[in-house]
S.K.: 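Dumping the structure here so I can ask a few things about it.
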Amino acid sequence: MTISILRTDDAWWVATASGAAQIATPAATTGELLADRAAIEAASSGADTVPLDSLDLLSPVTAPCRVVAQMTNYASHVKDAGMDPKSVPLTFFRKASGSITGPFDDIVKPEHIRFLDYEVEIGVVIGRELPVGTTITDANLPDYVAGLVVTNDVSARDVQLPKTQFYESKSYPTFTPVGPNLVLLDRDELKRFGDLRLRLRVNGELRQDMRVDGDMLYSPVQALQALTRFQRLDPGDLVLTGTPVGTALSAPPKPMEIVGSLLPPAVKWKAFFTRQAKNSKYLAEGDVVETSVATDDHTIDLGTQRNTVRYA
């Protein structure tokens, strides 16, 4: 049975049927908490609880940590970007952990950003040291993955595209809402990763809705196999696993793409963003973004974020 970890400013909690039970632990970071499994288990069976809605929840993944993200990892998203899924390699980029924010905190758009986009993603939280050279298999994956979280890879497209700059465009403060739950999974539950459905709504309108199985290109096993060739990971680190179709950004029609490729870069991007300015799907001030991940039977439920967009 899954265990849902919650975090407030002064404590860690386990969500139970009757409310939230405080974990008796000195842990200050997610990595330290994951090492205190006895305290987590004790709280899971505790009788003393407080109402869940009385807690002011923070991200259950603490910063600083490593935040590594998979790029174009859903076939539907790849096709929407005008590419062939069969030709897309397994690739990564980094986000600053200073971008992590709470599941109900505001997403703040910097003044110089015009095109703010959203990407619902499943975050894999590392539970055990992964030195470079570690062998990852389907059999030992549960030894290294502690659990899963809902994440939103907020993106400044007018920085990302002209500069080909993923790090800056996705690393502004508040650009990675995480939580509300860090859901710890046992071996059998982790096998249901493919049953998870990602959903994102803006002001109640469903924008993204996709099940992992049949759309994800590279699984967490494949991602960690690739990462451990060159990147150490530690308990509490976060790996984002990509987003399906439905983001505000979409590839232009082929004729426009061909014409654009013949233009000087400055002219091409000016024309591109002039067209994008007519796209009402980019996030505006006051928009409410609801992001959730769960199996259709809700046996595994990572919870729902609700973040309001504010302009700096």
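In what follows, every heavy atom counts, from backbone to side chain, and hydrogens, waters and symmetry copies are set aside. Everything quoted here is computed from the prediction, not taken from an experiment.
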S.K.: Check which hydrophobic residues are tied to Leu55 through side-chain heavy-atom contacts below 4.5 Å, counting indirect links as well, and list them.
M.R.: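 Leu55 clusters with Leu6, Trp13, Val50, Leu52, Leu57, Phe104.
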S.K.: Evaluate whether atom CG of Asp48 has more than 12 neighbouring non-hydrogen atoms of other residues, nucleotides or ligands under 6.0 angstrom away.
M.R.: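 Not more than 12 within 6.0 Å, no.
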S.K.: Sub-3.5 Å donor-acceptor pair from the side chain of Glu32 to the main-chain atoms of Ala28, do we have one?
M.R.: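 The answer is yes, because a donor-acceptor pair under 3.5 Å joins these two groups.
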S.K.: Going by atom types alone, do Tyr282 and Gln276 pair a side-chain donor with an acceptor below 3.5 Å?
M.R.: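 There is such a pair between these side chains.
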S.K.: Regarding Thr247 and Gln208, do their side chains bring together a donor and an acceptor under 3.5 Å, going by distance alone?
M.R.: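 No, no side-chain donor-acceptor pair sits under 3.5 Å.
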S.K.: Verify the distance criterion only: is there a donor paired with an acceptor across the side chains of Asp36 and Thr25 at less than 3.5 Å?
M.R.: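 Yes - a donor-acceptor pair under 3.5 Å links their side chains.
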S.K.: Testing the 3.5 Å rule here: is there a donor-acceptor pair between the side chains of His77 and Asp80?
M.R.: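 Looking only at side-chain atoms, Asp80 and His77 do not form any donor-acceptor pair under 3.5 Å.
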S.K.: With a 3.5 Å distance limit and no angle check, can you tell me whether Lys95 reaches the backbone of Ser99 through a side-chain donor-acceptor pair?
M.R.: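 Checked: no pair found.
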S.K.: Between Asp287 and Val309, is there a donor-acceptor pair closer than 3.5 Å when you use the side chain of the first and the backbone of the second?
M.R.: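 Here the side-chain-to-backbone pair does not exist.
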S.K.: Is Thr101 reaching over with its side chain to a backbone N or O of Pro177, donor-acceptor style, under 3.5 angstrom?
M.R.: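 Such a contact is absent between Thr101 side chain and Pro177 backbone.
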S.K.: If we only count heavy atoms from C-beta on, is the Met216 to Asn73 side-chain gap below 4.5 Å?
M.R.: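 Side-chain contact under 4.5 Å: yes.
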S.K.: Salt bridge check: are Arg207 and Glu205 linked by an N-O gap of less than 4.0 Å?
M.R.: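 Salt bridge: yes.
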S.K.: Sub-3.5 Å donor-acceptor pair from the side chain of Thr151 to the main-chain atoms of Val178, do we have one?
M.R.: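 No.
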S.K.: Using a 6.0 Å cut-off, check whether atom CG of Asp56 has over 12 heavy atoms from anything other than its own residue.
M.R.: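 Counting neighbours around CG of Asp56, 12 or fewer heavy atoms of other residues, nucleotides or ligands fall under 6.0 Å, so no.
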S.K.: Is a donor on one side and an acceptor on the other found under 3.5 Å between the side chain of Asp237 and the backbone of Arg66?
M.R.: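 Such a contact is found between Asp237 side chain and Arg66 backbone.
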S.K.: Begin with the C-alpha distance, continue with both residues' side-chain angles, and end with the deciding distance and a verdict on side-chain contact (heavy atoms from CB on, under 4.5 Å) for Asn279 and Phe115.
M.R.: CA-CA 9 Å; Asn279 182 348; Phe115 300 100; over 6 Å; no
S.K.: If you count the non-hydrogen atoms of other residues, nucleotides and ligands that lie under 6.0 Å from CD in Glu285, is the total more than 12?
M.R.: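 Yes - once you tally the heavy atoms of other residues, nucleotides and ligands closer than 6.0 Å, there are more than 12.
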S.K.: Before accepting this row, confirm whether a basic side-chain N of the pair Glu129/Arg232 lies closer than 4.0 Å to the acidic partner's carboxylate O.
M.R.: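 Salt bridge flag = yes for Arg232 with Glu129.
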S.K.: With no hydrogens and no angle check, do the side chains of Ser76 and Asp215 hold a donor and an acceptor under 3.5 Å apart?
M.R.: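 The criterion, which ignores hydrogens and geometry beyond distance, is satisfied for Asp215 and Ser76.
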S.K.: Can any side-chain N or O of Arg157 pair as donor or acceptor with the backbone N or O of Arg114 at less than 3.5 Å?
M.R.: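 Side chain of Arg157 to backbone of Arg114, a donor-acceptor pair under 3.5 Å: no, none is there.
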S.K.: Using atom types as modelled and distance alone, determine if a side-chain donor or acceptor of Gln222 lies under 3.5 Å from a backbone N or O of Ser219.
M.R.: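 Between the backbone of Ser219 and the side chain of Gln222 there is a qualifying donor-acceptor contact (under 3.5 Å).
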S.K.: Check for a donor-acceptor pair, side chain of Thr295 on one end and backbone N or O of Ile300 on the other, with a separation under 3.5 Å.
M.R.: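 Yes; at least one donor-acceptor contact below 3.5 Å.
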